[in-house]
Every structure is written in structure tokens, then in C-alpha cells.
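Basis for what follows: all heavy atoms, side chains included, without hydrogens, waters or symmetry-related copies. Lettering of chains follows the sequences in order, A, B, ..., and the numbering in each one begins at 1.
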Amino acid sequence: MNDEARQKNPIEHLLRMDRIPHIWCPGCGIGTVVTSFAEALRKSNIELDKIAVVSGIGCTGRVAGYIKLDSFHTTHGRAIPFATGLKLANPELKVVVFSGDGDIFGIGGNHFIHAARRNMDLTVICVNNFNYAMTGGQVAATTPTDANASTAPYGNFEQPFSIPYLADAAGASYVARWTALHLRRVTKSIQEGMDKNGFSLIEVITPCVTLYARRNRLGDGLNLLKYYYDKSEIKHGADTRDLDISYQGKLIVGKFIDRERPNFIDAMNQHMSTVLGDDYELYGRINND
Amino acid sequence: MKKVKADPKGVLTGAHYLDGDFALAEGALAAGCRFFGGYPITPSTETAERFSERIPRVGGIFIQMEDELGSIASLIGAVWGGKKAMTVTSGPGFSLMMENIGLACMMETPLVIANVQRGGPSTGLPTLTGQQDMMQAKFGSHGDYEIIALSPDSPQECFDLTIEAFNLSETYRVPTFIMTDECVGHMHEKVVIPPADEIELVERKWYTGPKEAYLPYKPDKDLVPFMIKAGDGYRFHTTGLTHDERGYPVINAECQKVNVTNIIEKIRKNADKIIKIEEDQIDGAEVVLISYGITSRVAVRAVRLAREAGIKVGTMRLITVWPFPEKRIKELAPKIKAFIIPEVNYGQMVREVERSAAGKTQVFGVPHCGGWVHNPEDILNVIKEAVK
Ligand SMILES: Cc1ncc(C[n+]2csc(CCOP(=O)(O)OP(=O)(O)O)c2C)c(N)n1
Ligand code: SF4
Ligand SMILES: [Mg+2]
């Protein structure tokens, strides 16, 4: 691509332009998170050929199909274990999981907590639109209590997960939450997450205009962004126990966790070489076949 | 198809006294498998244990995943990261893997899964044998697809056929199953592991042309597309959605036809090359006994007794169970009085025999509920009835 074209759209070379137009609704927030991600890729020092994107299934799951990197569109809920295999097989890769709240915390919740527990070196970007959008706006593990969904037509009476609290408790090395309004901060968090030598989670609260917003009569994309603007409060380092989201309530955002702990491969190498000595072949560094 | 010699690092050359489960692990290591993602389940666990003990000295990854949904997903990821990968399981875990077996078929991902079968359904008989997942191996995931499945009848064959399974899966870029069972898995016998330079491996069908020209799902002459791995600068896409040669989703019947036909035909059209069966005294036989896995061992006695009684029994042992050797069955059907198929289930592969024989001869199943193998007398009685 020539400089002129790159100036026109500095992230075009990171997208599969031959697949545009994309499938997302006008006003959907997923595209803006993709832009933040592309921006992070552009700014990152990591060689693009060594970055892989893995998505599950959902509106957000389609992201892998639009990013012009090695990209995998897997099955519903299984992006994290797929990414785990990919990373372990080829440790020089930076593996980013980009998927929806239903995918990662509903059907795939078990994989999430275990990958965090192992401190698997993955960067997980989760678009939280408070519902299962792809299938028509059903209630999710992240739907705020009292919000309406197509399978909670009388309102949701369950308590949702607080994603950062869960990630913290499970052992993630880096945890941040933003909204689709905080694009520059999303970009920065994704960069920090990718630079982290361990498991990182970036939750981005994102408008689903067609389903969640319409069903709850919350207006269009702009109205949702206004809600984010009015009700979000940046509190870096906030106690993750205090991050519950109530229906149209306060949104505490920020970087909550940023800590060091050996990732899976480092822990394995350290432990095995202590126990087995010279019998152990260091993995992923010297002899990575 | 490029062949290479095994890496001596993974090959435990020599004569050993191993059970089938351990032999599976040794076969995988000899075949160059360097990624194992698994979840414990009786009677397959010993394979995972063996692998976890051996792999740190060989260089590779063992990871005990959180469940079998994760195991199979990690395998597919590992293969796209460039490794050869395997898992072992039994009925309940095999059921959990079904969705992503379909993904592996759709992404044309070579990998190996051993199912050390136990009695089902449900939790069934965790510690006792069965051959009840034979149809599940072929049809368990949704949609139309083809896979390859082998059935070893001894620890030695667990070793040999694991290598074969890797070779087939790499040749055709297809998930390949080793459908063994509790008896063979826990049976201790002599296993001879040859020197590494006597073990021939099929190398992954790596793409070597110009990067810009690469199309991940463009079938080669043998219908199998060339493969690459993540991190090599192709910036490719792959998906479980119906896709075109670029790997891009295309949601219509035309693309479905090309995509699904291809993953089916690459196996069906190469079936003659894939299928291995072992036959004995088929010429002039009145009846032919077809068996696989542990049941072949049990049938030996029934066949001997029948022959002593003057009945001309031929035998056919299915080393490859899928694709099914339908051509051979069709050929034999008009020449004999009956096929007899003992299996430790209530009638699975027998249906394939019936379908292939297409009414040209009689077909007798010898069912067994699982939990133990047949009494040879029961098989003998059916042989006698068949020649009446
Ligand atoms: C095993 C399985 N169950 C159900 C589905 C149907 N399904 C597709 S996407 C989806 C929900 C996706 O929700 P989320 O991850 O939040 O993504 P969003 O569409 O909201 O971005 C469901 C239930 C599926 N594809 N696979
Ligand atoms: S349904 Fe919702 S999440 Fe899906 S594309 Fe439309 S607005 Fe976005
Ligand atoms: Mg969602």
C-alpha cells in the first residue's frame, strides 16, 4: 500500500477489505472496538506476522474474519482453548482472543477461568453488549438484572457476572474495563494487554443497537454512548468486588489489575528444569521445533 | 506426499511389555506428536499419564485441559500452530468432542483421537469394555463429513496404528480415530518398537509456492489442499462456516456444494488407498466372519472350532473401520452363504455389512451388551446356524 492510501485510512492494511461491507448493523459498536484494536496493532512493536486472532461465534465472533492477520473463526465458546493450543504449539505467536460476552462468559466460561488460572499468555478482548446478539437478543450471563431480553421477556431476575471480578479471582495478570466511548483507552489497554507476559482481559461495554437497546427502549447508538458518558467513572485500581453493573446504572471503568506472575510456559520451564535438570528440554525458547 | 524418518528422540526402540494405552502414547511420540491436550477418563487415562511423563524429556507440550471440549479445541489450535497433536478419551469425553470434530473436518485439520471404548450409554461401565461408539465415530458430529477410523486388536497394533493414524491424518488432512477398547487398552503384551530410521512418517502437506498465490482451501489433485501454519506471514483466515477457496465464509448452497463435497470426496475417492483389511481363507469359504478390535481376538477360537466341525469359515478383520470396505463386501456377498459379525454392541458395523451386501447374502450379527467380550460358543452357534 502506498503512503497516500495509508494516510487516507491508516488501518486499512489491517483489515480484509475484500470482505467489506461487514455484517454488523449500522450503529453497532463492534466496529469501533475493531478500530481500537487495529489502532493498537498499528502502534504495537510486535511483528504483525506473529499476531494471530481467534474468535468464537457471535456478532463479535465475526471479528476474526475481518482482521488481516492469521485469523481463526472457531466454535461457540471454544476460542480460548483453541488459542491455548495455538499459543503453546507456537510460543512466538502473540495470540489475541476477540469474542462476545456470551461466547467467553456463557458457553465458554469454564475455559476462561482456567486460562486465567494458568496465566496462559493470551490477550482476551471481550465485547460485552449485555446479550446474545447474533441469535436475536437472548438473556446472557452478563445481562443486568431487570433488563429485558428475548428469552427474559418479563425482565431478567438473575444476577450477572462482573467480568473483571471473575477475571481477577481466576488469576488474570491484567484486567481492564472500558466502554465503546473510551476508544483511545481501549487501544492503550489492548497494547498493554498484548505486551503483558500472561493472561490479560479487556472488557469493552459496547452498544447493540438493534437488539438490546431496541428491546429495552434505550434509543439508538448515540443514546447508548450518552449513557456511557453520563454514567461511567474512571477508577484505576478499583476493588474488583465493587464493579457490578446494574440496569442503566453506574459503569466503573479503568485498569483494575496489572500484576506479574509466571505464565504457563515460564512456569512449566522453571518447574521442569528444577525437577528434571538436564533431562528437561526447555520449551519454546531453545528447541522449539 | 513427502515421507520422512521418525525423530529418534521420541522413539523408544526395543522390545517392551506394554499395555495398549501406553502403546498409544509411544506410537504418538514416535509419529512426532508433540502436543497432547487431554482430560482424564477411564479406561484411557494411562495414555495421558504416559505422555505427561515422557514429553518433558522429548520436547513438547502436555496439557491437562479443563474438559474434553477444551482438549479437542486445543488440538486444532496446536495443529494450526504447526504441531502434530493427539488426545485420548472414552465414550463420555468422545461425546463432548463431537462439535469440534466437525470444526476439524471443516478446517481440514489433521489430528488423532484415540477412543478407548467402554460400555455405555452415559457413564455406563467405566472400567469395562465396549465397541459401542463405532457409529458415533462416523456420524457423531452434525452435518455431512468423512473421517478415518482404525481399530487395533493388540498393544502392538496400538503402537503401529497410531503411527498409521498420524500418517493418514496428515495425508488427507482429516481427523483420524483409533477406535480401541478397554480390553486392548489394558491388555499387556509384547510391543516391539523399531529403530527411528525404520519408521516412515508422512510430512504435513506444507505449501511452498509464492505467498500471494496461496489459497488455503484450494484442493490439490488428490483433493487435499496445501497447509500452512500461523506465524509464517500468510495472514490467512479459516472458519467453521461454509467457505470458499480463500477460507472466506460464503453462505449459500453453491459454495456448500463445493466445500462439503470436497471434504467428503477426498476420503471417498481415496478409500481404496486408505482401507486396510486382513483376510484369511476367504477363497471357497461358505461363510465369512467379519470382526475388528478385541472381538477379532475372541473370534479366533470360534473360527477354529467351526473349522474343526468342517465348516469353511473365512475371516476378515477390519483394521480400517471407516471408510468402510463396502466394495470388498459387495464382491464377496454373492459368493458366500452368510456374513457373521460379532461386535460388543447391539448392532453397529453389521448395518454397514447389510447395506453393502445389499441382499445378496445373509447377514448375521452377534450382538453383545458390553461389559465383557463374547463367549466364543455364542459366535460358533451363529456360524452353525448360518450354514444350516
Ligand atoms: C454450541 C452452540 N450453541 C449455540 C449457538 C448459537 N449461537 C450463536 S452466537 C450465540 C450467542 C453469541 O453471543 P455473544 O458471544 O455475546 O456474541 P454477540 O453476538 O452478542 O456479539 C449463540 C447462542 C452456536 N453457534 N453454537
Ligand atoms: S445485532 Fe447488535 S451486536 Fe449484532 S451487529 Fe447488530 S447491533 Fe451489533
Ligand atoms: Mg453479546
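With a 4.5 angstrom heavy-atom cutoff, A:Leu93 touches chain B only via side-chain atoms. For a residue to count as touching a neighbouring chain, one of its non-hydrogen atoms must lie under 4.5 Å from one of that chain's; by this rule A:Ala64 touches chain B with backbone and side chain alike. Only the side chain of B:Leu103 comes within contact range of chain A, with at least one heavy atom under 4.5 Å from a heavy atom of that chain. At a 4.5 Å heavy-atom cutoff, B:Val79 makes no contact with chain A through either its backbone or its side chain. Using a 4.5 Å cut-off between heavy atoms, A:Ile67 makes no contact with chain B at all. In this structure, no portion of A:Arg117 lies under 4.5 Å from any heavy atom of chain B. With a threshold of 4.5 angstrom between heavy atoms, B:Phe236 approaches chain A through its backbone and through its side chain. With a 4.5 angstrom heavy-atom cutoff, B:Met107 touches chain A only via side-chain atoms.
For the atom pair OH of B:Tyr248 and CG of A:Asp18, the computed distance is 3.5 Å after rounding to the nearest 0.5 Å. With values rounded to the nearest 0.5 angstrom, A:Leu88 atom CG is found 14.5 Å from B:Phe36 atom CZ. Expressed to the nearest 0.5 Å, how far NE2 of A:His114 lies from CD of B:Gln64 amounts to 10.5 Å. Atoms CD1 and OG1, from B:Ile76 and A:Thr75 in turn, are 7.0 Å apart once rounded to the nearest 0.5 Å. For the atom pair CG (A:Asn110) and CD (B:Glu66), the distance works out to 5.5 Å, reported to the nearest 0.5 Å. The line from CG of B:Leu241 to CD1 of A:Ile57 is 6.0 Å long, rounded to the nearest 0.5 Å.
Options B:Asn100, B:Leu75, B:Asp232, B:Ile228 differ in how many heavy-atom pairs under 4.5 Å they form with chain A, and the most are formed by B:Asn100. If you tally non-hydrogen atom pairs under 4.5 Å between each of A:Lys87, A:Arg78, A:Lys94, A:Lys50 and chain B, the highest count goes to A:Arg78. For the options A:Met272, A:Lys68, A:Glu47, A:Arg16, heavy-atom pairs under 4.5 Å to chain B are most numerous at A:Arg16. Most heavy-atom pairs under 4.5 Å with chain B, from the set A:Thr84, A:Thr74, A:Val53: that is A:Thr74.
Residues A:His111 and B:Leu69 are in side-chain contact: their nearest non-hydrogen atoms beyond the backbone lie under 4.5 Å apart. Looking at A:Met120 and B:Ile63, their side chains come closer than 4.5 Å, going by heavy atoms from C-beta outward. Side-chain contact between A:Met268 and B:Ile61 is present, with heavy atoms from C-beta onward closer than 4.5 Å. Two residues are said to be in side-chain contact when any heavy atoms from C-beta on lie closer than 4.5 Å; A:Asp49 and B:Arg235 meet this criterion.
A:Tyr283 and B:Lys83 make their closest contact through OH-CE, 3.3 Å (heavy atoms, listed as atom of the first residue, atom of the second, distance). Contact between A:His73 and B:Thr239 at its shortest, heavy atoms only, is ND1-OG1, 2.7 Å. Across every non-hydrogen atom of B:His237 and A:Gly65, the tightest pair is CE1-CA, 3.4 Å.
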- Task: Take A:Asp70 and B:Lys229 through the test side-chain contact (heavy atoms from CB on, under 4.5 Å) and record every step on the way to the result.
- Result: CA-CA 9 Å; A:Asp70 290 342; B:Lys229 65 177 165 60; over 6 Å; no

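Enclosure of atom CG in B:Asp144 is not indicated, since only 12 or fewer non-hydrogen atoms of other residues, nucleotides or ligands lie within 6.0 angstrom. In this structure, A:Phe264 places its CZ atom where more than 12 heavy-atom neighbours from other residues, nucleotides or ligands lie under 6.0 Å away. Other residues, nucleotides and ligands place no more than 12 heavy atoms under 6.0 Å from the OH atom of A:Tyr165. Atom CD of B:Glu53 is surrounded by 12 or fewer heavy atoms from other residues, nucleotides or ligands within 6.0 Å. No more than 12 heavy atoms of other residues, nucleotides or ligands sit less than 6.0 Å from atom NZ of B:Lys257.
A side-chain donor-acceptor contact under 3.5 Å links A:Asn90 to the backbone of B:Ala230.
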